[in-house]
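Okay, so here's the structure we're looking at.
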Protein chains: 2
Amino acid sequence: MTETQILNYALNQFAGIDAEAFELSAPYWQRKTYGKGEFYNEYKNVCKYLGFILDGVFRTYYIDDESADEKNVFFFSKNQVVVAYKSFVTQTPCSYYTESMTESTVLYIHINHLNELYGRSHHWERFGRLVAETAFNLAMNRAEEFMFRTPEQRYLELIQNHPDIFNNVPLYHIASYLGIQAPSLSRIRKRMVGK
Amino acid sequence: MTETQILNYALNQFAGIDAEAFELSAPYWQRKTYGKGEFYNEYKNVCKYLGFILDGVFRTYYIDDESADEKNVFFFSKNQVVVAYKSFVTQTPCSYYTESMTESTVLYIHINHLNELYGRSHHWERFGRLVAETAFNLAMNRAEEFMFRTPEQRYLELIQNHPDIFNNVPLYHIASYLGIQAPSLSRIRKRMVGK
DNA sequence: CTATATTCTTAACCCAAGTTAAGATCGTCA
DNA sequence: TGACGATCTTAACTTGGGTTAAGAATATAG
(Lines give C-alpha, C1' and ligand atoms only; values in the text may rest on other atoms or scores of the structure.)
Protein backbone atom coordinates (compact mmCIF):
# COMPACT_ATOMS: atom_id res chain seq x y z
CA MET A 1 0.00 0.00 0.00
CA THR A 2 1.15 3.54 -0.69
CA GLU A 3 1.15 6.05 2.13
CA THR A 4 -1.90 7.73 0.64
CA GLN A 5 -3.76 4.45 0.62
CA ILE A 6 -2.84 3.87 4.25
CA LEU A 7 -4.22 7.31 5.10
CA ASN A 8 -7.37 6.71 3.09
CA TYR A 9 -7.94 3.40 4.83
CA ALA A 10 -7.34 4.87 8.29
CA LEU A 11 -9.68 7.81 7.70
CA ASN A 12 -12.32 5.44 6.43
CA GLN A 13 -11.99 3.30 9.54
CA PHE A 14 -12.02 6.29 11.85
CA ALA A 15 -14.77 8.41 10.35
CA GLY A 16 -16.22 6.66 7.34
CA ILE A 17 -14.37 8.94 4.92
CA ASP A 18 -15.15 7.36 1.54
CA ALA A 19 -13.16 7.53 -1.67
CA GLU A 20 -15.01 10.61 -2.90
CA ALA A 21 -14.57 12.57 0.33
CA PHE A 22 -10.94 11.52 0.48
CA GLU A 23 -10.41 12.84 -3.04
CA LEU A 24 -11.52 16.27 -1.86
CA SER A 25 -8.74 16.29 0.70
CA ALA A 26 -6.02 14.67 -1.39
CA PRO A 27 -4.42 17.90 -2.67
CA TYR A 28 -4.06 19.20 0.87
CA TRP A 29 -2.10 16.47 2.61
CA GLN A 30 1.62 16.93 2.90
CA ARG A 31 4.33 14.64 4.09
CA LYS A 32 7.07 15.33 6.58
CA THR A 33 9.71 13.31 8.40
CA TYR A 34 10.92 14.16 11.87
CA GLY A 35 14.22 13.28 13.50
CA LYS A 36 14.44 12.18 17.11
CA GLY A 37 13.90 15.23 19.32
CA GLU A 38 12.42 17.37 16.56
CA PHE A 39 9.31 19.36 17.42
CA TYR A 40 5.91 18.84 15.87
CA ASN A 41 4.77 21.95 17.73
CA GLU A 42 6.53 24.08 20.34
CA TYR A 43 5.52 25.90 23.48
CA LYS A 44 3.81 29.22 22.67
CA ASN A 45 3.37 28.22 19.02
CA VAL A 46 -0.10 28.04 17.56
CA CYS A 47 -0.69 24.52 16.25
CA LYS A 48 -1.78 24.92 12.64
CA TYR A 49 -1.64 21.33 11.45
CA LEU A 50 -3.40 18.11 12.16
CA GLY A 51 -1.09 15.17 11.60
CA PHE A 52 -1.54 11.49 10.91
CA ILE A 53 1.39 9.36 12.05
CA LEU A 54 2.54 6.87 9.43
CA ASP A 55 5.41 5.80 11.65
CA GLY A 56 7.06 6.87 14.87
CA VAL A 57 6.13 8.01 18.38
CA PHE A 58 5.48 11.54 19.63
CA ARG A 59 5.11 12.91 23.13
CA THR A 60 3.58 16.10 24.35
CA TYR A 61 5.01 17.42 27.58
CA TYR A 62 4.69 20.31 29.96
CA ILE A 63 7.55 22.13 31.64
CA ASP A 64 6.85 22.97 35.23
CA ASP A 65 8.13 26.44 36.15
CA GLU A 66 8.90 25.39 39.69
CA SER A 67 10.28 21.88 39.47
CA ALA A 68 11.71 22.72 36.02
CA ASP A 69 11.29 19.17 34.84
CA GLU A 70 9.25 17.78 32.02
CA LYS A 71 5.90 16.12 32.57
CA ASN A 72 4.66 13.89 29.80
CA VAL A 73 1.01 14.46 29.01
CA PHE A 74 0.27 12.30 25.97
CA PHE A 75 1.98 9.81 23.73
CA PHE A 76 0.90 9.48 20.10
CA SER A 77 1.97 6.58 17.96
CA LYS A 78 1.55 4.94 14.57
CA ASN A 79 -1.83 5.29 12.84
CA GLN A 80 -2.98 7.91 15.30
CA VAL A 81 -3.70 11.61 14.93
CA VAL A 82 -1.10 13.92 16.44
CA VAL A 83 -2.20 17.47 17.24
CA ALA A 84 -2.12 20.01 20.07
CA TYR A 85 -5.88 19.92 20.14
CA LYS A 86 -6.79 22.95 22.24
CA SER A 87 -4.27 25.17 20.47
CA PHE A 88 -5.47 23.82 17.12
CA VAL A 89 -9.19 24.42 17.59
CA THR A 90 -8.82 27.80 19.27
CA GLN A 91 -5.74 28.89 17.27
CA THR A 92 -4.07 30.12 20.42
CA PRO A 93 -0.50 29.53 21.66
CA CYS A 94 0.16 26.07 22.99
CA SER A 95 1.16 25.38 26.62
CA TYR A 96 3.08 22.27 25.63
CA TYR A 97 5.88 20.92 23.54
CA THR A 98 5.08 18.11 21.12
CA GLU A 99 8.20 16.28 20.08
CA SER A 100 9.12 13.27 18.02
CA MET A 101 10.76 10.57 20.13
CA THR A 102 11.93 8.55 17.14
CA GLU A 103 12.46 8.95 13.45
CA SER A 104 8.89 9.63 12.34
CA THR A 105 6.81 10.15 9.25
CA VAL A 106 3.63 12.21 9.27
CA LEU A 107 0.99 13.25 6.78
CA TYR A 108 -0.52 16.57 7.80
CA ILE A 109 -3.18 19.04 6.73
CA HIS A 110 -3.55 22.75 7.44
CA ILE A 111 -6.44 23.90 9.63
CA ASN A 112 -7.71 26.22 6.90
CA HIS A 113 -7.98 23.34 4.49
CA LEU A 114 -9.68 21.24 7.11
CA ASN A 115 -12.20 24.00 7.77
CA GLU A 116 -12.82 24.18 4.05
CA LEU A 117 -13.48 20.43 3.94
CA TYR A 118 -15.95 20.76 6.83
CA GLY A 119 -18.05 23.02 4.64
CA ARG A 120 -17.77 20.82 1.58
CA SER A 121 -18.73 17.44 2.93
CA HIS A 122 -20.71 15.92 5.75
CA HIS A 123 -18.10 13.18 5.92
CA TRP A 124 -15.53 15.74 6.92
CA GLU A 125 -17.85 17.42 9.39
CA ARG A 126 -18.25 14.04 10.95
CA PHE A 127 -14.49 13.68 11.01
CA GLY A 128 -14.19 17.00 12.87
CA ARG A 129 -16.68 15.91 15.47
CA LEU A 130 -14.95 12.56 15.94
CA VAL A 131 -11.60 14.25 16.41
CA ALA A 132 -13.24 16.40 19.10
CA GLU A 133 -14.63 13.30 20.78
CA THR A 134 -11.29 11.54 20.57
CA ALA A 135 -9.58 14.52 22.17
CA PHE A 136 -12.23 14.57 24.89
CA ASN A 137 -11.76 10.86 25.54
CA LEU A 138 -7.98 11.20 25.73
CA ALA A 139 -8.24 14.05 28.25
CA MET A 140 -10.99 12.39 30.26
CA ASN A 141 -9.14 9.08 30.44
CA ARG A 142 -6.08 10.92 31.64
CA ALA A 143 -8.10 12.72 34.33
CA GLU A 144 -9.68 9.44 35.40
CA GLU A 145 -6.31 7.70 35.69
CA PHE A 146 -5.18 10.32 38.16
CA MET A 147 -8.46 10.69 40.03
CA PHE A 148 -9.25 7.01 40.51
CA ARG A 149 -6.04 5.02 40.25
CA THR A 150 -2.83 4.72 42.24
CA PRO A 151 0.52 5.03 40.42
CA GLU A 152 0.84 1.26 40.63
CA GLN A 153 -2.56 0.75 39.00
CA ARG A 154 -1.69 3.29 36.30
CA TYR A 155 1.50 1.40 35.60
CA LEU A 156 -0.27 -1.94 35.25
CA GLU A 157 -2.96 -0.48 33.01
CA LEU A 158 -0.37 1.14 30.78
CA ILE A 159 1.36 -2.19 30.26
CA GLN A 160 -1.97 -3.86 29.57
CA ASN A 161 -3.55 -1.25 27.33
CA HIS A 162 -0.57 0.35 25.62
CA PRO A 163 2.23 -2.20 25.25
CA ASP A 164 3.19 -0.38 22.03
CA ILE A 165 4.09 2.70 24.06
CA PHE A 166 5.53 0.80 27.00
CA ASN A 167 7.89 -1.21 24.83
CA ASN A 168 9.23 1.70 22.83
CA VAL A 169 9.82 4.42 25.38
CA PRO A 170 12.47 4.70 28.12
CA LEU A 171 11.21 4.09 31.64
CA TYR A 172 11.91 7.61 32.85
CA HIS A 173 9.46 8.87 30.24
CA ILE A 174 6.95 6.29 31.43
CA ALA A 175 7.47 7.45 35.01
CA SER A 176 6.82 11.04 34.00
CA TYR A 177 3.66 9.99 32.15
CA LEU A 178 2.48 8.14 35.25
CA GLY A 179 3.04 11.25 37.36
CA ILE A 180 5.90 9.87 39.44
CA GLN A 181 9.69 9.99 39.61
CA ALA A 182 11.96 7.35 38.12
CA PRO A 183 12.99 5.87 41.51
CA SER A 184 9.32 5.42 42.42
CA LEU A 185 8.69 3.51 39.22
CA SER A 186 11.64 1.28 40.05
CA ARG A 187 10.14 0.59 43.48
CA ILE A 188 6.79 -0.25 41.92
CA ARG A 189 8.43 -2.62 39.46
CA LYS A 190 10.34 -4.24 42.27
CA ARG A 191 7.17 -4.66 44.32
CA MET A 192 5.51 -6.35 41.34
CA VAL A 193 8.06 -9.14 41.13
CA GLY A 194 6.29 -12.28 42.22
CA LYS A 195 2.79 -10.84 41.88
CA MET B 1 -36.78 38.06 32.91
CA THR B 2 -38.63 34.84 32.35
CA GLU B 3 -36.76 31.56 32.49
CA THR B 4 -37.02 31.23 28.71
CA GLN B 5 -35.46 34.64 28.29
CA ILE B 6 -32.62 33.68 30.62
CA LEU B 7 -32.02 30.57 28.52
CA ASN B 8 -32.17 32.52 25.29
CA TYR B 9 -29.69 35.06 26.62
CA ALA B 10 -27.31 32.37 27.89
CA LEU B 11 -27.38 30.42 24.62
CA ASN B 12 -26.73 33.62 22.73
CA GLN B 13 -23.74 34.41 24.93
CA PHE B 14 -22.40 30.88 24.69
CA ALA B 15 -22.87 30.09 21.02
CA GLY B 16 -24.43 33.08 19.30
CA ILE B 17 -27.83 31.43 19.17
CA ASP B 18 -30.04 34.22 17.80
CA ALA B 19 -33.76 34.74 18.25
CA GLU B 20 -34.64 32.79 15.13
CA ALA B 21 -32.47 29.77 16.02
CA PHE B 22 -33.79 29.86 19.55
CA GLU B 23 -37.35 29.79 18.25
CA LEU B 24 -36.59 26.49 16.50
CA SER B 25 -35.67 24.96 19.85
CA ALA B 26 -38.38 26.57 21.96
CA PRO B 27 -40.90 23.70 21.72
CA TYR B 28 -38.34 21.20 22.89
CA TRP B 29 -37.14 22.63 26.17
CA GLN B 30 -38.70 21.28 29.32
CA ARG B 31 -38.41 22.34 32.90
CA LYS B 32 -37.67 20.21 35.93
CA THR B 33 -36.89 20.84 39.58
CA TYR B 34 -34.64 18.58 41.59
CA GLY B 35 -34.58 18.09 45.34
CA LYS B 36 -31.34 17.77 47.24
CA GLY B 37 -29.84 14.34 46.51
CA GLU B 38 -32.02 13.68 43.49
CA PHE B 39 -30.26 12.26 40.43
CA TYR B 40 -29.91 14.03 37.12
CA ASN B 41 -28.47 10.81 35.73
CA GLU B 42 -27.52 7.57 37.44
CA TYR B 43 -24.74 5.02 37.09
CA LYS B 44 -25.40 2.68 34.15
CA ASN B 45 -28.10 4.96 32.78
CA VAL B 46 -27.73 6.42 29.33
CA CYS B 47 -27.82 10.21 29.58
CA LYS B 48 -30.51 11.36 27.17
CA TYR B 49 -30.80 15.02 28.11
CA LEU B 50 -28.66 18.08 27.99
CA GLY B 51 -29.58 20.44 30.83
CA PHE B 52 -29.15 24.13 31.48
CA ILE B 53 -29.04 25.00 35.17
CA LEU B 54 -31.27 27.92 36.08
CA ASP B 55 -30.47 27.48 39.72
CA GLY B 56 -28.69 25.02 41.96
CA VAL B 57 -25.50 22.96 42.07
CA PHE B 58 -24.88 19.45 40.71
CA ARG B 59 -22.02 17.07 41.22
CA THR B 60 -20.95 14.07 39.23
CA TYR B 61 -19.12 11.41 41.17
CA TYR B 62 -17.56 8.03 40.76
CA ILE B 63 -17.84 5.13 43.17
CA ASP B 64 -14.61 3.27 43.60
CA ASP B 65 -15.19 -0.48 43.82
CA GLU B 66 -12.27 -0.98 46.17
CA SER B 67 -12.33 1.98 48.52
CA ALA B 68 -16.12 2.10 48.17
CA ASP B 69 -16.12 5.85 48.64
CA GLU B 70 -17.35 8.59 46.34
CA LYS B 71 -14.95 10.64 44.25
CA ASN B 72 -16.27 13.93 42.96
CA VAL B 73 -15.40 14.50 39.32
CA PHE B 74 -17.20 17.71 38.33
CA PHE B 75 -19.36 20.37 39.84
CA PHE B 76 -21.91 22.18 37.70
CA SER B 77 -23.62 25.34 38.84
CA LYS B 78 -25.98 28.11 37.80
CA ASN B 79 -26.00 29.14 34.14
CA GLN B 80 -23.93 26.14 33.13
CA VAL B 81 -24.73 23.08 31.09
CA VAL B 82 -25.13 19.87 33.05
CA VAL B 83 -24.71 16.62 31.16
CA ALA B 84 -22.89 13.30 31.38
CA TYR B 85 -21.07 14.19 28.20
CA LYS B 86 -19.51 10.92 27.12
CA SER B 87 -22.68 8.95 27.84
CA PHE B 88 -24.71 11.61 26.05
CA VAL B 89 -22.73 11.74 22.82
CA THR B 90 -22.18 8.00 22.57
CA GLN B 91 -25.55 7.02 24.06
CA THR B 92 -23.89 4.42 26.24
CA PRO B 93 -24.33 3.71 29.97
CA CYS B 94 -22.73 6.26 32.26
CA SER B 95 -19.92 5.39 34.70
CA TYR B 96 -20.97 8.13 37.07
CA TYR B 97 -23.76 9.47 39.18
CA THR B 98 -24.86 13.04 38.61
CA GLU B 99 -26.79 14.37 41.56
CA SER B 100 -28.33 17.63 42.64
CA MET B 101 -26.67 18.98 45.79
CA THR B 102 -29.34 21.61 46.40
CA GLU B 103 -32.85 22.42 45.35
CA SER B 104 -32.30 22.99 41.64
CA THR B 105 -34.12 24.07 38.51
CA VAL B 106 -33.10 22.88 35.06
CA LEU B 107 -34.25 23.40 31.50
CA TYR B 108 -33.43 20.36 29.41
CA ILE B 109 -33.64 19.10 25.86
CA HIS B 110 -33.67 15.55 24.50
CA ILE B 111 -30.72 14.38 22.41
CA ASN B 112 -32.99 13.51 19.49
CA HIS B 113 -34.30 17.05 19.38
CA LEU B 114 -30.80 18.41 19.63
CA ASN B 115 -29.68 16.24 16.73
CA GLU B 116 -32.63 17.51 14.76
CA LEU B 117 -31.60 21.11 15.50
CA TYR B 118 -28.05 20.36 14.32
CA GLY B 119 -29.46 19.54 10.89
CA ARG B 120 -31.74 22.55 10.79
CA SER B 121 -29.40 25.41 11.64
CA HIS B 122 -25.72 26.19 11.55
CA HIS B 123 -26.18 28.05 14.82
CA TRP B 124 -27.07 24.79 16.49
CA GLU B 125 -24.24 22.91 14.81
CA ARG B 126 -21.97 25.53 16.24
CA PHE B 127 -23.58 25.00 19.62
CA GLY B 128 -22.86 21.27 19.40
CA ARG B 129 -19.23 21.88 18.60
CA LEU B 130 -18.89 24.38 21.44
CA VAL B 131 -20.41 21.92 23.91
CA ALA B 132 -17.80 19.39 22.75
CA GLU B 133 -15.04 21.92 23.25
CA THR B 134 -16.37 22.86 26.67
CA ALA B 135 -16.42 19.21 27.67
CA PHE B 136 -12.87 18.78 26.39
CA ASN B 137 -11.70 21.83 28.34
CA LEU B 138 -13.37 20.60 31.53
CA ALA B 139 -11.71 17.20 31.24
CA MET B 140 -8.34 18.61 30.20
CA ASN B 141 -8.30 21.15 33.03
CA ARG B 142 -9.09 18.38 35.45
CA ALA B 143 -6.25 16.23 34.08
CA GLU B 144 -3.86 19.19 34.28
CA GLU B 145 -4.79 19.92 37.88
CA PHE B 146 -3.77 16.41 38.85
CA MET B 147 -0.72 16.14 36.59
CA PHE B 148 0.86 19.49 37.39
CA ARG B 149 -0.40 20.70 40.76
CA THR B 150 -0.10 19.57 44.36
CA PRO B 151 -3.26 19.17 46.46
CA GLU B 152 -2.40 22.45 48.16
CA GLN B 153 -2.14 24.26 44.83
CA ARG B 154 -5.40 22.71 43.67
CA TYR B 155 -7.07 23.96 46.83
CA LEU B 156 -5.81 27.52 46.35
CA GLU B 157 -6.83 27.57 42.71
CA LEU B 158 -10.30 26.29 43.54
CA ILE B 159 -10.81 29.12 46.02
CA GLN B 160 -9.50 31.64 43.49
CA ASN B 161 -11.28 30.41 40.39
CA HIS B 162 -14.47 28.88 41.75
CA PRO B 163 -15.52 30.69 44.93
CA ASP B 164 -19.11 29.96 43.90
CA ILE B 165 -18.47 26.25 44.33
CA PHE B 166 -16.19 26.61 47.32
CA ASN B 167 -18.68 28.68 49.26
CA ASN B 168 -21.66 26.44 48.64
CA VAL B 169 -20.36 22.95 49.12
CA PRO B 170 -19.29 21.11 52.30
CA LEU B 171 -15.55 20.70 52.75
CA TYR B 172 -15.61 16.93 52.56
CA HIS B 173 -17.00 17.25 49.03
CA ILE B 174 -14.24 19.74 48.22
CA ALA B 175 -11.64 17.31 49.57
CA SER B 176 -13.03 14.55 47.38
CA TYR B 177 -12.94 16.87 44.35
CA LEU B 178 -9.30 17.72 45.13
CA GLY B 179 -8.47 14.03 45.29
CA ILE B 180 -7.66 13.93 49.00
CA GLN B 181 -9.26 12.86 52.28
CA ALA B 182 -11.01 15.27 54.62
CA PRO B 183 -8.25 15.19 57.28
CA SER B 184 -5.67 16.13 54.63
CA LEU B 185 -7.73 19.12 53.59
CA SER B 186 -7.92 20.18 57.23
CA ARG B 187 -4.13 19.98 57.48
CA ILE B 188 -3.72 22.04 54.31
CA ARG B 189 -6.08 24.68 55.67
CA LYS B 190 -4.19 24.75 58.93
CA ARG B 191 -0.85 25.14 57.11
CA MET B 192 -2.29 28.07 55.18
CA VAL B 193 -3.06 30.10 58.30
CA GLY B 194 -0.62 32.99 58.31
CA LYS B 195 0.34 32.67 54.67
C1' DC C 1 35.70 -5.33 22.11
C1' DT C 2 36.40 -1.74 24.90
C1' DA C 3 35.00 3.10 26.25
C1' DT C 4 31.45 6.08 26.93
C1' DA C 5 26.91 7.66 27.44
C1' DT C 6 22.42 6.50 28.55
C1' DT C 7 19.21 4.36 31.29
C1' DC C 8 17.78 1.96 35.39
C1' DT C 9 18.02 0.65 40.16
C1' DT C 10 19.13 1.17 44.92
C1' DA C 11 19.80 3.30 49.43
C1' DA C 12 18.81 6.68 53.07
C1' DC C 13 16.25 10.11 54.64
C1' DC C 14 12.25 13.34 54.44
C1' DC C 15 7.59 14.67 54.10
C1' DA C 16 2.75 14.70 52.88
C1' DA C 17 -1.29 12.10 52.50
C1' DG C 18 -3.96 7.88 54.12
C1' DT C 19 -6.35 5.74 57.93
C1' DT C 20 -8.98 5.47 62.02
C1' DA C 21 -11.12 7.15 65.76
C1' DA C 22 -12.19 10.70 68.93
C1' DG C 23 -13.70 15.06 69.91
C1' DA C 24 -15.04 19.93 68.68
C1' DT C 25 -17.97 22.94 66.19
C1' DC C 26 -21.87 24.27 63.64
C1' DG C 27 -26.81 24.18 62.11
C1' DT C 28 -31.30 23.15 62.52
C1' DC C 29 -35.55 22.04 64.18
C1' DA C 30 -38.68 20.51 67.84
C1' DT D 1 -33.04 26.63 73.95
C1' DG D 2 -31.38 22.31 73.90
C1' DA D 3 -30.52 18.19 71.56
C1' DC D 4 -29.43 15.80 67.58
C1' DG D 5 -27.18 15.20 63.25
C1' DA D 6 -23.95 16.92 60.16
C1' DT D 7 -19.59 18.74 59.43
C1' DC D 8 -14.93 19.83 60.56
C1' DT D 9 -10.64 19.29 63.03
C1' DT D 10 -7.17 16.88 65.52
C1' DA D 11 -4.09 13.19 66.98
C1' DA D 12 -1.22 9.06 66.31
C1' DC D 13 0.45 6.05 63.40
C1' DT D 14 1.30 3.95 58.68
C1' DT D 15 2.51 4.10 54.00
C1' DG D 16 4.34 5.47 49.71
C1' DG D 17 6.31 8.87 46.84
C1' DG D 18 10.03 12.77 46.58
C1' DT D 19 14.85 13.82 46.65
C1' DT D 20 19.64 13.12 46.07
C1' DA D 21 23.42 10.75 44.99
C1' DA D 22 25.79 6.61 44.00
C1' DG D 23 26.33 2.61 41.52
C1' DA D 24 24.71 -1.18 38.26
C1' DA D 25 23.12 -2.48 33.86
C1' DT D 26 22.48 -1.67 29.15
C1' DA D 27 23.31 0.53 24.48
C1' DT D 28 26.05 2.63 21.30
C1' DA D 29 29.90 4.06 18.88
C1' DG D 30 34.68 4.10 17.89
Side-chain angles (χ1 to χ4, degrees), chain A residues 35-37 57 59 61-72 75 99-103 145-159 163 165-195, chain B residues 35-38 57 59 61-72 75 99-103 145-159 165-195:
Chain A
K36 185 171 178 172
V57 179
R59 63 189 258 259
Y61 63 92
Y62 172 78
I63 293 193
D64 196 319
D65 296 330
E66 300 180 15
S67 68
D69 56 21
E70 301 173 358
K71 314 228 171 175
N72 291 324
F75 293 120
E99 171 198 89
S100 178
M101 302 176 73
T102 61
E103 294 291 313
E145 289 165 12
F146 282 88
M147 288 190 289
F148 309 147
R149 314 286 173 219
T150 63
E152 182 166 327
Q153 290 171 322
R154 295 201 287 275
Y155 173 71
L156 291 173
E157 288 179 10
L158 182 67
I159 295 177
I165 292 169
F166 180 73
N167 294 317
N168 290 296
V169 164
L171 282 177
Y172 63 87
H173 276 321
I174 303 284
S176 166
Y177 181 79
L178 296 174
I180 59 180
Q181 300 299 314
S184 293
L185 180 53
S186 267
R187 284 187 288 236
I188 288 170
R189 286 159 60 82
K190 193 172 187 182
R191 260 186 254 148
M192 309 300 306
V193 178
K195 279 196 186 172
Chain B
K36 186 173 178 167
E38 208 174 324
V57 180
R59 63 188 259 259
Y61 62 93
Y62 173 79
I63 293 194
D64 195 319
D65 296 330
E66 302 181 12
S67 69
D69 56 17
E70 301 173 359
K71 312 226 173 179
N72 291 323
F75 293 119
E99 170 197 89
S100 178
M101 303 177 72
T102 60
E103 294 291 314
E145 288 165 13
F146 281 89
M147 288 190 287
F148 310 145
R149 315 284 173 222
T150 63
E152 183 167 326
Q153 290 171 322
R154 296 201 286 275
Y155 173 70
L156 291 173
E157 288 179 8
L158 182 68
I159 295 177
I165 291 168
F166 181 74
N167 293 316
N168 290 297
V169 164
L171 282 177
Y172 62 89
H173 276 322
I174 302 284
S176 166
Y177 180 79
L178 296 174
I180 58 180
Q181 300 299 315
S184 292
L185 180 53
S186 268
R187 285 186 288 239
I188 287 170
R189 288 157 60 80
K190 194 173 186 183
R191 259 186 255 150
M192 309 299 308
V193 177
K195 282 197 187 173

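Quick note on labels: first sequence line is chain A, next is B, and so on, each numbered from 1.
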Across the strands shown, which category fits B/R189 at heavy-atom distances under 4.0 angstrom: base, sugar-phosphate, nothing?
-> sugar-phosphate
Out of A/Q153, A/M147, A/E152, which one pairs with A/R149 under the side-chain contact (heavy atoms from CB on, under 4.5 Å) rule?
->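 Exactly one pass, corresponding to A/Q153.
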Listed nucleotide nearest any side-chain atom of [X], set [options]:
| X | options | value |
| --- | --- | --- |
| A/Y172 | C/dC8, C/dG18, D/dG17 | C/dC8 |
| A/I188 | D/dT19, C/dT9, D/dG17 | D/dG17 |
| B/P183 | D/dT10, C/dA17, D/dT9 | D/dT10 |
| A/A182 | C/dT9, D/dC8, C/dG18 | C/dT9 |
| A/Q181 | C/dT19, C/dA11, D/dG18 | D/dG18 |
| A/P170 | C/dT7, D/dG17, D/dT10 | C/dT7 |

Length of the [atom1]-[atom2] vector between [X] and [N], whole Å:
| X | N | atom1 | atom2 | answer |
| --- | --- | --- | --- | --- |
| A/F146 | D/dG17 | CZ | C1' | 13 Å |
| A/I180 | D/dT19 | CD1 | P | 12 Å |
| A/K190 | D/dA24 | NZ | C1' | 13 Å |
| A/R149 | D/dG16 | CZ | P | 18 Å |
| A/E152 | D/dG17 | CD | C1' | 12 Å |
| B/R187 | D/dC13 | CZ | P | 14 Å |
| B/L171 | D/dT7 | CG | C1' | 8 Å |
| A/L185 | D/dG17 | CG | P | 10 Å |

Looking at five pairs on each end of the helix from C/dT9-D/dA22 to C/dA30-D/dT1, what is the angle between the two axes, given to 10 degrees?
-> 40°
Considering just the side-chain nitrogens and oxygens of A/S184, establish if one lies under 4.0 Å of OP1 or OP2 belonging to D/dG17.
-> no
Can you find a side-chain donor-acceptor pair between A/R187 and A/S184 that sits under 3.5 Å?
-> yes
Is the backbone of A/V57 close enough, under 3.5 Å, to the side chain of A/T102 for a donor and an acceptor to pair up by distance?
->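 Such a contact is found between A/T102 side chain and A/V57 backbone.
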Check: B/S176 main-chain N/O paired with B/N72 side-chain donor or acceptor under 3.5 Å |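 Absent.
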Nucleotides 25-30 of chain C: protein proximity per nucleotide (B base, S sugar-phosphate only, - neither; heavy atom, under 4.0 Å) | ------
Point-to-point distance, once rounded to the nearest 0.5 Å, from [atom1] of [X] to [atom2] of [Y]:
| X | Y | atom1 | atom2 | result |
| --- | --- | --- | --- | --- |
| B/Y172 | B/L185 | OH | CG | 13.0 Å |
| A/E157 | A/L178 | CD | CG | 10.5 Å |
| B/F146 | A/F148 | CZ | CZ | 8.5 Å |
| A/F75 | A/I165 | CZ | CD1 | 6.5 Å |

Decide yes or no for A/M192 and A/L156: does some side-chain heavy atom of the first lie under 4.5 Å from some side-chain heavy atom of the second?
->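 With C-beta onward as the side chain, the pair touches.
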Residues at least two apart in sequence or cross-chain that pass side-chain hydrogen bond (donor to acceptor under 3.5 Å, both in side chains) with A/E99, listed by chain then number, are A/R59
Between the side-chain atoms of A/R191 and the base atoms of D/dG16, is any donor-acceptor pair under 3.5 Å?
-> no
